[in-house]
Structures are given as structure tokens and as C-alpha cells.
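Notes follow once the structure below has been shown.
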Amino acid sequence: MVDISFYIFSLLLSCFDIKERKGPNTIMGTLFLFVIVFGFLENRISLLSIIFFFIMFVFFCLVLLLNKNSIIGGADIKYFLIITLYLQPLVFAYLLIISGVIQSIVLIYFKKIKKRKTSPMIPTIFFSVLLSQILLR
């Protein structure tokens with residue numbers, strides 16, 4: 001059930017990010033609650049996932065405090081935090097590598113070819129989650 005919830009809400013967030021360049025807090029909060037509730041019910045959330053969640057939370061808070069002109073938005077950060085609870089730690093490590101490569105390519109495309117200042121990152125993060133899960137099954 002946690003997988004179905006994650007995919008549906010991630011798809012909704014991706015559509016909002018593409019069309020409106022934002023990730024609504026209501027969808028983000030609902031996704032977070034579903035991941036927490038179903039993650040605990042299905043024994044998918046481990047102590048290590050919770051530790052990763054807090055490490056990522058502190059990391060992103062520091063990034064935002066130190067770099068006020070960051071290109072990463074609030075919805076991207078919230079989505080990454082939810083992913084730390086959703087994915088197992090080994091898969092999350094692969095996700096960071098895959099996501100870094102895909103996001104770099106997308107950013108280059110939007111900055112150099114499309115000449116835009118911003119690009120939708122939630123869809124690329126979601127695609128990276130799917131790809132990392134497929135590769136590690």
C-alpha cells in the first residue's frame with residue numbers, strides 16, 4: 001500500500017511541479033502521512049531510515065541557511081525528506097547518485113537550451129526513485 005500511495009502522490013506532485021512550478025503542501029503532507037502510516041504498518045520504516053531523515057533535514061536546513069540564493073526549492077527538499085523514509089538506506093544511496101546525474105542533465109537542458117532560470121525537479125527526483133528501485137530489485 002505504501003508503494004501505491006507513494007507513486008500516486010508523487011505523480012500528482014510531478015504534474016503540479018511541471019505546470020505550476022510548486023509542490024502543494026497539502027499533497028506533500030498527505031504523502032508524508034501515508035508513508036509514515038503505511039511504512040510502519042508494513043514494517044518498511046527502519047531506525048536507519050529515521051536517522052537518515054533527520055540527517056537530511058539538518059543538511060537541508062544548513063544549505064538553506066548558508067546559501068540564500070539556492071536553486072533548490074522548498075518542495076524539492078520536502079520531497080527528498082519523504083523519500084528518505086520511503087526508500088531503504090542502500091537504495092537511497094543509489095538514488096542520490098542517479099538523481100545527481102539526471103538532475104544535472106535536466107538543469108543543463110533548461111538553463112542552456114530552454115534559457116529558463118528554474119526547472120521542475122520533483123519529476124526528475126521521482127524518475128530517479130523509479131530508476132533506482134528498478135535497478136536494485
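The figures that follow rest on heavy atoms only: side chains count, while hydrogens, waters and symmetry mates do not.
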Any chance you could measure [X], atom [atom1], to [Y], atom [atom2], to the nearest 0.5 Å?
| X | Y | atom1 | atom2 | value |
| --- | --- | --- | --- | --- |
| Ser10 | Asp3 | OG | CG | 10.5 Å |
| Leu31 | Leu85 | CG | CG | 10.0 Å |
| Ser14 | Met121 | OG | CE | 11.5 Å |
| Phe127 | Ser132 | CZ | OG | 10.0 Å |
| Phe54 | Thr84 | CZ | OG1 | 9.5 Å |

Between the side chain of [X] and the main-chain N/O of [Y], is any donor-acceptor distance below 3.5 Å?
| X | Y | answer |
| --- | --- | --- |
| Gln88 | Ser46 | no |
| Gln103 | Thr124 | no |
| Lys115 | Lys112 | yes |
| Asp17 | Ile122 | yes |
| Ser49 | Ile45 | no |

Got [X] and [Y] here, is their nearest side-chain heavy-atom distance under 4.5 Å?
| X | Y | value |
| --- | --- | --- |
| Arg44 | Val35 | no |
| Ile82 | Phe53 | no |
| Leu41 | Phe38 | yes |
| Met56 | Ile77 | no |
| Leu48 | Phe52 | yes |
| Tyr109 | Val106 | no |

| Can you check salt bridge (Lys or Arg N to Asp or Glu O under 4.0 Å) on Asp76 and Lys22, steps first, answer last? | CA-CA 9 Å; Asp76 306 332; Lys22 45 174 110 167; over 6 Å; no
| request: List the steps, then state whether side-chain contact (heavy atoms from CB on, under 4.5 Å) holds for Ile98 with Val129. | output: CA-CA 8 Å; Ile98 293 168; Val129 169; over 6 Å; no
| task | Walk me through it: do Leu13 and Phe126 pass the test side-chain contact (heavy atoms from CB on, under 4.5 Å)? | result | CA-CA 9 Å; Leu13 284 170; Phe126 179 47; over 6 Å; no
| said: Using side-chain contact (heavy atoms from CB on, under 4.5 Å), reason through Ile102 and Leu131 one step at a time and then give a plain yes or no. | reply: CA-CA 10 Å; Ile102 293 173; Leu131 193 57; 4.0 Å; yes
| task | Can you spot which of Pro24, Pro123, Pro120 makes a side chain to side chain contact (heavy atoms under 4.5 Å, CB included) with Phe16? | result |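 Only one of Pro24, Pro123, Pro120 forms a side chain to side chain contact (heavy atoms under 4.5 Å, CB included) with Phe16, namely Pro24.
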Shared ILVMFWY cluster between [X] and [Y], side chains joined below 4.5 angstrom?
| X | Y | result |
| --- | --- | --- |
| Val63 | Leu81 | yes |
| Leu136 | Val101 | no |
| Ile51 | Phe57 | no |
| Leu33 | Ile50 | no |
| Ile18 | Phe110 | no |

| query | Does the side-chain contact (heavy atoms from CB on, under 4.5 Å) test come out yes or no for Met1 and Glu42, once each step is laid out? | reply | CA-CA 8 Å; Met1 191 66 163; Glu42 296 176 7; 3.2 Å; yes
| task | Using the six-membered ring wherever Trp is involved, compare the ring planes of Phe60 and Phe80 and label them parallel, tilted or perpendicular (cut-offs 30° and 60°). | result |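 Geometry flag for Phe80 against Phe60: tilted rings.
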| request: Indicate whether any N or O donor in one side chain lies under 3.5 Å from an N or O acceptor in the other, for Tyr86 and Gln133. | output: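 A pair is found: one side chain offers a donor N or O, the other an acceptor, under 3.5 Å apart.
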| message | Counting the benzene-type ring for Trp, do Phe34 and Phe6 have ring centres under 6.0 Å apart? | response |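 No: the rings miss the under 6.0 Å criterion.
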